[in-house]
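Because only heavy atoms are used, hydrogens play no part in the values below, and waters and symmetry mates are left out as well, while side chains stay in. In the text below, chain A, chain B and the rest are named by the order of the sequence lines, each starting its count at 1.
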Number of protein chains: 2
Amino acid sequence: MATGRNHRPATRSRGIPEATVARLPLYLRALTALSERSVPTVSSEELASAAGVNSAKLRKDFSYLGSYGTRGVGYDVEYLVYQISRELGLTQDWPVVIVGIGNLGAALANYGGFASRGFRVAALIDADPSMTGKQVAGIPVQHVDDLESIVHTNGVSIGVITTPGGAAQQVCERLVGAGVTSILNFAPTVLQVPEGVDVRKVDLSIELQILAFHEQRKAAEDLSRRDEEGPRGVAVPEGGRGEQGGDGDIPAVMPA
Amino acid sequence: MATGRNHRPATRSRGIPEATVARLPLYLRALTALSERSVPTVSSEELASAAGVNSAKLRKDFSYLGSYGTRGVGYDVEYLVYQISRELGLTQDWPVVIVGIGNLGAALANYGGFASRGFRVAALIDADPSMTGKQVAGIPVQHVDDLESIVHTNGVSIGVITTPGGAAQQVCERLVGAGVTSILNFAPTVLQVPEGVDVRKVDLSIELQILAFHEQRKAAEDLSRRDEEGPRGVAVPEGGRGEQGGDGDIPAVMPA
DNA sequence: TAGATTGTTAATCGATTAACAATC
DNA sequence: TAGATTGTTAATCGATTAACAATC
């Protein structure tokens, strides 16, 4: 679990399982696409297919939010978009700061998917004085010396760390000290945070290592299948589509 | 689950639970740090703390690999590094291609954490002719027209997609057609792939939305606590450290 | 009414964890 | 031998899923 609060069951938040919370953004994205195509209603089967999950799981997930569907008909797309957005807290404005404006920090600053979901890049922060004042994605880079005042001035509660690993813990402590209570960590470091601070880690290298494990397994299986079935024992794709994205317990990974 | 193969229980690979596989890279990173400090042995308690997990979980995870520890002593760091690397398939060379050399693709190309773990950026591919021939991270960008030959020539089995969402499915199909069987997808699209192809998705926007959900919940709790306990009901950090990274079922997120 | 689809139940499955016997 | 720590058991917990009654 990524939450640091232990005074309540860590896996439930207002009765909604953590696994369900992690899927709500997937549903929201699929619903947004339907909304843009002016589709008025959608069944659990259709929406589940678009989101890449099982329809029973989707209905169970929605049941935690309330009874927003109509039997025999399906779900009203606009209404569901609103309800999920509200549940996720996306109907309010979330100013975020990005600390560490290297390649990755710049990529995130340029990412267009923030604004539409209530996130606003309030400031970019870097330790390199020669970066100060430069514009990235139209936003001026500020020096890390001013971190605390930037957080206070903008009412920031979410911080994104894209520094090298060695600087991450110190940056984290300054962010937390200034009042940030949620951190998205791209640095290859396990951050130590006080109770009440949530950390999520994204780590590309870990994702690749998990892929390598399965890739290796496939090679081993193909070899053993050849042994079992004789030469030319090649697996035939059957057109199935596996679920994607969040494997139950996937730590994401990241840059050094 | 991110695996697309259904002919075996999706959650087990050679008897190792998916949740365990997802944690092996975390252990490996912590062990590598110990190795660099020339620490000869480590206990499950120490290593678990460094990796940010429960020590019982760590011992259970290692038990799937074999009995590599010594009771009363702990684990030999170097030996464990080797065993986990081997299990993950990191003792072999994995050429990868990155398709879509925008901000994010460039950030990944520059990422230093690949080579040390057996991954090698074999080629960078982009659809923009004006990018062709330019060097990014010392690697020349090649045109997407040559995708198939690039994959064949380099024996690539892992592809990274950092294109806009609209191009991702097509790129995916070309990669798969050329023989790629593992895909790390940063595009905001649920990819349809044939059986036997693994897809993992990293999506920054989803991670932020999950943080926003918890952030909103904290605000709501603080309000209700103030109601229950009267004014000044402020939570006191107790110095606990929650586990980070892979929440059981976390889809990772990404750029548009 | 007949057909469709939700919301929920209950069974199953996998993951987590404390506890402790085994053993270095 | 005494102390330390692993490897494993068993209990618990949470997540998934098929099935179907409820109901539009």
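- Rounded to an integer number of Å, the gap from Leu58(B) CG to dA18(C) P is 14 Å.
- The CG atom of Leu65(B) sits 15 Å away from the P atom of dT6(D) (whole-angstrom rounding).
- Counting to the nearest Å, the P atom of dT6(D) and the NZ atom of Lys57(B) are 17 Å from each other.
- When atom types are taken as modelled, the side chain of Gln216(B) and the backbone of Arg86(A) share a donor-acceptor pair closer than 3.5 angstrom.
- Residue order along DNA chain D, read from the 5' end via each residue's closest nucleotide, puts Glu45(B) first among Glu45(B) and Val73(A).
- Residue Ser44(A) places its side chain closer to dT6(C) than to any other of dG7(C), dT6(C), dA15(C).
- In this structure, a donor-acceptor pair under 3.5 Å is absent between the side chains of Glu45(B) and Ser49(B).
- A distance-only check finds no donor-acceptor pair linking the side chain of Glu46(A) to the backbone of Val42(A) [under 3.5 Å].
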If you restrict it to nitrogen or oxygen atoms, what contacts under 3.5 Å exist between nucleotides 21-23 of chain D and the protein, and what is each distance?
| from | atom 1 | to | atom 2 | distance (Å) |
| --- | --- | --- | --- | --- |
| dA22(D) | N3 | Arg71(A) | NH1 | 2.8 |

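- Here dT16(C) presents its P atom at 13 Å from CD of Glu18(A), a figure rounded to the nearest Å.
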I'd like a table of atom pairs between the protein and nucleotides 9-11 of chain C - only N or O on both sides, under 3.5 Å - with the distance next to each one.
none

Expected output check: what is the dot-bracket annotation of DNA chain D, where ( ) and [ ] are pairs inside the strand (brackets for crossing ones), | is paired with another strand, and pairs are Watson-Crick or G-U under 3.5 Å?
..||||||||||||||||||||||
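- Phe62(A) comes within 4.0 angstrom of nothing in the nucleic acid, heavy atoms only.
- Among Tyr82(A), Phe62(A), Tyr79(A), Tyr75(A), the one residue that satisfies the ring pair (Phe, Tyr, Trp, His ring centres under 6.0 Å) test with Tyr68(A) is Tyr79(A).
- Remark: P of dG7(D) and CG of Leu80(B) are 10 Å apart, rounded to the nearest angstrom.
- Candidate nucleotides dA15(D), dT5(C), dA19(D) were compared by shortest atom distance to the side chain of Arg59(A), and dA19(D) ranks first.
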